[in-house]
Amino acid sequence: MQKNTFLYEVSQELARFDAKLLGLFRCPVCLRDLPVGNFGSPDADNAINEEHIIPASVGGKQTTYLCKKCNSTFGHKQTKWLVEWIELIEGGAPFPIDPKKQKARISANGSKLNGSMHLGEDGSLEFYSDRERSNPVDFDAHWSEPKPSEIKIEFSMPVLSNEESLRVGYLTAAYGLWFKNFGYSFVLQSSLDTVRRQILNPAKNIMDWNFLIEIPAREIREPSIGLMRFDQDYFPIAAIYDHIVLLPSAQKLHPPSTSAKKISKKLMSLGDEIAPRFQHRCVGPAVMICDGQVVIQPDMIANATIPPQHIWVDGWP
């Protein structure tokens with residue numbers, strides 16, 4: 001198998017924390033150590049995959065690495081609902097752009113037809129009947145009988161009944177963005193143990209504070225990472241479509257309040273000092289400090305093989 005250059009760079013960064021880990025990949029979520037040679041392996045439990053942080057089906061371009069076991073679990077749970085939500089907000093409609101994804105039913109003159117809904121070019125609601133999913137007698141009767149004076153339309157929004165998993169979908173993507181761009185210096189923090197447990201248990205309310213801040217959907221064009229100030233405290237964040245995801249800092253799990261009145265309006269993007277970390281080219285260990293506050297500090301491997309470098313980020317008044 002041809003070596004995956006980026007994955008080997010990730011492994012080399014891990015070895016800077018502990019030389020004994022050379023040649024291994026540590027899954028950023030479950031923290032299992034796997035040989036880099038497992039990349040693309042058919043072993044469902046121990047393979048390593050490169051996957052889109054935001055699924056390609058909704059325009060995601062950035063990728064990162066996960067063990068296949070974690071990636072498969074996310075795909076059937078939180079990522080599924082994140083995709084459906086992004087389709088809603090990007091489509092500007094009350095349901096997905098693809099009518100096949102929005103099942104619906106109409107009732108008229110005692111007959112019921114199953115089908116799908118979508119938004120027409122003129123803004124009207126359009127229903128597509130499906131004979132294969134309807135009672136043939138009702139289907140034929142609907143088209144042969146006089147037009148009904150009243151039609152009842154029913155459709156469901158499954159994503160809204162899976163709000164907790166959707167929230168964790170945002171959290172999972174935010175965590176992946178930070179791993180991609182800041183590597184193991186971000187992942188190897190004990191302060192993120194709660195985040196990892198929440199990602200692995202999307203149906204449970206483990207992070208019981210507000211880690212999602214809603215913003216105008218078109219304010220952020222591309223998912224990205226940065227810092228945000230709450231009163232005098234700084235926290236890592238990720239901006240993903242219509243939400244900002246708030247992650248714990250090295251010193252605090254969360255701010256006491258996420259009220260708009262106490263949030264600095266400036267969303268800071270990371271500058272040239274972080275740019276070399278893009279495309280998996282990480283050079284940790286590294287400690288990030290903003291206005292004298294330690295925001296990121298890997299503490300899960302003591303006595304790193306390579307001494308940590310300090311990255312100073314200017315704050316704002």
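Starting from 1, each residue takes its place in the sequence as its number. Excluded from the calculations below are hydrogen atoms, water molecules and symmetry mates; all remaining heavy atoms, backbone and side chain alike, are included.
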Asks: Which distance, rounded to the nearest 0.5 Å, do you find between the CG of D45 and the CG of L34?
Replies: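 So the CG of D45 and the CG of L34 are separated by 10.0 Å.
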Asks: Looking at L188 and R26, what are the two nearest heavy atoms and their distance?
Replies: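 Closest approach of L188 to R26: CD2-NH1, 3.8 Å.
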Asks: Verify the neighbour count for atom NZ of K69: are there more than 12 heavy atoms of other residues, nucleotides or ligands below 6.0 Å?
Replies: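 Check fails, neighbour count at 12 or below.
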Asks: Under the 3.5 angstrom rule, does the side chain of S11 hit a backbone N or O of G23 as a donor-acceptor pair?
Replies: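 Yes: the side chain of S11 pairs with the backbone of G23.
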Asks: What's the shortest heavy-atom distance between E13 and G183, and which atoms?
Replies: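 Where E13 meets G183 most closely, the heavy atoms are OE1-CA, 3.8 Å.
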Asks: Going by heavy atoms in the side chains, are P223 and I53 under 4.5 Å from each other?
Replies: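 Sidechains of I53 and P223: no contact.
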Asks: May I ask you to decide whether E84 forms a salt bridge with K80, counting only side-chain N to carboxylate O separations under 4.0 Å?
Replies: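 A salt bridge is present here (some side-chain N lies under 4.0 Å from a carboxylate O).
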Asks: Tell me whether Y234 contacts the main-chain N or O of S249 through its side chain, where contact means a donor paired with an acceptor under 3.5 Å.
Replies: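 Such a contact is absent between Y234 side chain and S249 backbone.
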Asks: Quick one, C67 and N46 - any side-chain contact, counting heavy atoms below 4.5 Å?
Replies: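 No. Closest side-chain heavy atoms not under 4.5 Å.
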Asks: Can you name the salt bridge (charged side-chain N to carboxylate O under 4.0 Å, His left out) partners of R133, sequence neighbours left out?
Replies: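 If we apply the salt bridge (charged side-chain N to carboxylate O under 4.0 Å, His left out) test to R133, skipping adjacent residues, the hits are D130.
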Asks: Taking all non-hydrogen atoms of both residues into account, name the closest pair between R196 and V187 and its distance.
Replies: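 Smallest interatomic distance, heavy atoms only, reads NH1-O, 2.7 Å.
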Asks: Working to the nearest 0.5 angstrom, can you tell me the gap between I86 CD1 and Y241 OH?
Replies: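 One gets 5.0 Å once the value is rounded to the nearest 0.5 Å.
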Asks: Using 30° and 60° as the class boundaries, would you call the ring planes of Y170 and H243 parallel, tilted or perpendicular?
Replies: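 Answer is tilted, since the angle falls between 30° and 60°.
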Asks: Is the closest side-chain heavy-atom distance between F211 and H254 below 4.5 Å?
Replies: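 The answer is no; the side chains never approach within 4.5 Å.
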Asks: For the residue pair Y184 / R16, report whether a side-chain donor-acceptor contact shorter than 3.5 Å exists.
Replies: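 Result is no, nothing qualifies.
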Asks: Test of understanding: clusters of I, L, V, M, F, W, Y form through side-chain heavy atoms closer than 4.5 Å, transitively. Do W81 and I206 belong to the same one?
Replies: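 W81 does not cluster with I206.
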Asks: Quick test of your reading: applying side chain to side chain donor-acceptor pair (under 3.5 Å), list the pairs with at least one residue in residues 293-306, sequence neighbours left out, ordered by first then second residue.
Replies: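 Sorted result for residues 293-306: S190-D299.
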Asks: Is the backbone of K204 close enough, under 3.5 Å, to the side chain of Q198 for a donor and an acceptor to pair up by distance?
Replies: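 Judged by distance alone, yes, a pair lies under 3.5 Å.
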Asks: So does I237 get a backbone contact from the side chain of W178, meaning a donor-acceptor N/O pair under 3.5 Å?
Replies: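 Yes; at least one donor-acceptor contact below 3.5 Å.
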Asks: Is there a path of hydrophobic side-chain contacts, each under 4.5 Å between heavy atoms, that joins I306 and I296?
Replies: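 No.
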Asks: Treating R32 as the side-chain partner and C27 as the backbone partner, does any N or O pair qualify as donor plus acceptor under 3.5 Å?
Replies: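 Between the backbone of C27 and the side chain of R32 there is no qualifying donor-acceptor contact (under 3.5 Å).
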Asks: Quick check: do N181 and F186 have side-chain heavy atoms less than 4.5 Å from each other?
Replies: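 Of all side-chain heavy-atom pairs linking F186 with N181, none is under 4.5 Å.
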Asks: As an exercise, state the distance from CG of L82 to CG of N162, rounded to the nearest 0.5 Å.
Replies: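 Those atoms lie 12.5 Å apart.
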Asks: Do you know which of E132, R131, R105 makes side-chain hydrogen bond (donor to acceptor under 3.5 Å, both in side chains) with N114?
Replies: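 Exactly one candidate clears the test, R105.
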Asks: Can you get from W312 to V287 by hopping between Ile, Leu, Val, Met, Phe, Trp and Tyr side chains that sit under 4.5 Å apart?
Replies: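 Same cluster.
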Asks: Could you state the interatomic distance from CH2 (W85) to CZ (R167), rounded to the nearest 0.5 Å?
Replies: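 The CH2 atom of W85 sits 12.5 Å away from the CZ atom of R167.
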Asks: For D233 and P255, indicate whether the former's side chain and the latter's backbone hold a donor-acceptor pair under 3.5 Å.
Replies: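 Side chain of D233 to backbone of P255, a donor-acceptor pair under 3.5 Å: no, none is there.
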Asks: Between N38 and D43, is there a side-chain heavy-atom distance shorter than 4.5 Å?
Replies: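 Result no, sub-4.5 Å side-chain heavy-atom pair not found.
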Asks: State plainly whether one hydrophobic cluster holds both V168 and L166, where clusters connect Ile, Leu, Val, Met, Phe, Trp and Tyr through side-chain heavy atoms under 4.5 angstrom apart.
Replies: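 Result: no, two separate clusters.
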Asks: Heavy atoms, side chains only, cut-off 4.5 Å: are M288 and F182 in contact?
Replies: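 Counting from C-beta outward, M288 and F182 do come under 4.5 Å.
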Asks: Is there a path from L22 to M300 through hydrophobic residues (I, L, V, M, F, W, Y) whose side chains come within less than 4.5 Å of each other?
Replies: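 No, because L22 and M300 fall into different hydrophobic clusters, even though each may have its own neighbours under 4.5 Å.
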Asks: Looking at side-chain heavy atoms only, is the closest gap between V245 and L177 below 4.5 Å?
Replies: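 In short, these two side chains do not touch, never coming nearer than 4.5 Å.
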Asks: Closest approach of L246 and N210, non-hydrogen atoms and distance?
Replies: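 Looking at all heavy atoms of both residues, the shortest contact is CD2-O, 4.1 Å.
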Asks: Are side-chain heavy atoms of L247 and L171 found at a separation under 4.5 Å?
Replies: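 They are in contact (side-chain heavy atoms under 4.5 Å apart), so the answer is yes.
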Asks: Y65 and F179: aromatic ring centres closer than 6.0 Å?
Replies: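 No.
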Asks: On a heavy-atom basis, which atom in I48 and which in P35 lie closest, and how many Å separate them?
Replies: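 Of all heavy-atom pairs spanning I48 and P35, the closest is CD1-O, 3.3 Å.
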Asks: With rounding to the nearest 0.5 angstrom, report the CG to CG distance, L31 to L192.
Replies: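 The CG atom of L31 sits 9.5 Å away from the CG atom of L192.
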Asks: Between I54 and A173, which heavy-atom pair has the shortest distance, and what is it?
Replies: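 Closest pair (atom of I54, atom of A173, distance): CD1-CB, 3.8 Å.
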Asks: Kindly compute the distance separating CD (E50) from CG (L66), expressed to the nearest 0.5 Å.
Replies: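 E50 CD to L66 CG: 10.5 Å, rounded to 0.5 Å.
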Asks: Please say which of L212, V195, I199 ends up in a side chain to side chain contact (heavy atoms under 4.5 Å, CB included) with M207.
Replies: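 Result: among L212, V195, I199, V195 is the only option passing the side chain to side chain contact (heavy atoms under 4.5 Å, CB included) with M207.
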Asks: L200 vs C70, test: side chain to side chain contact (heavy atoms under 4.5 Å, CB included). Steps then yes/no.
Replies: CA-CA 8 Å; L200 292 169; C70 281; 4.1 Å; yes
Asks: Assess the residue pair E164 and N205 against the criterion (side chain to side chain contact (heavy atoms under 4.5 Å, CB included)); give the C-alpha distance rounded to whole Å, side-chain angles, the decisive distance to 0.1 Å, and a yes or no.
Replies: CA-CA 7 Å; E164 284 304 316; N205 185 23; 4.3 Å; yes
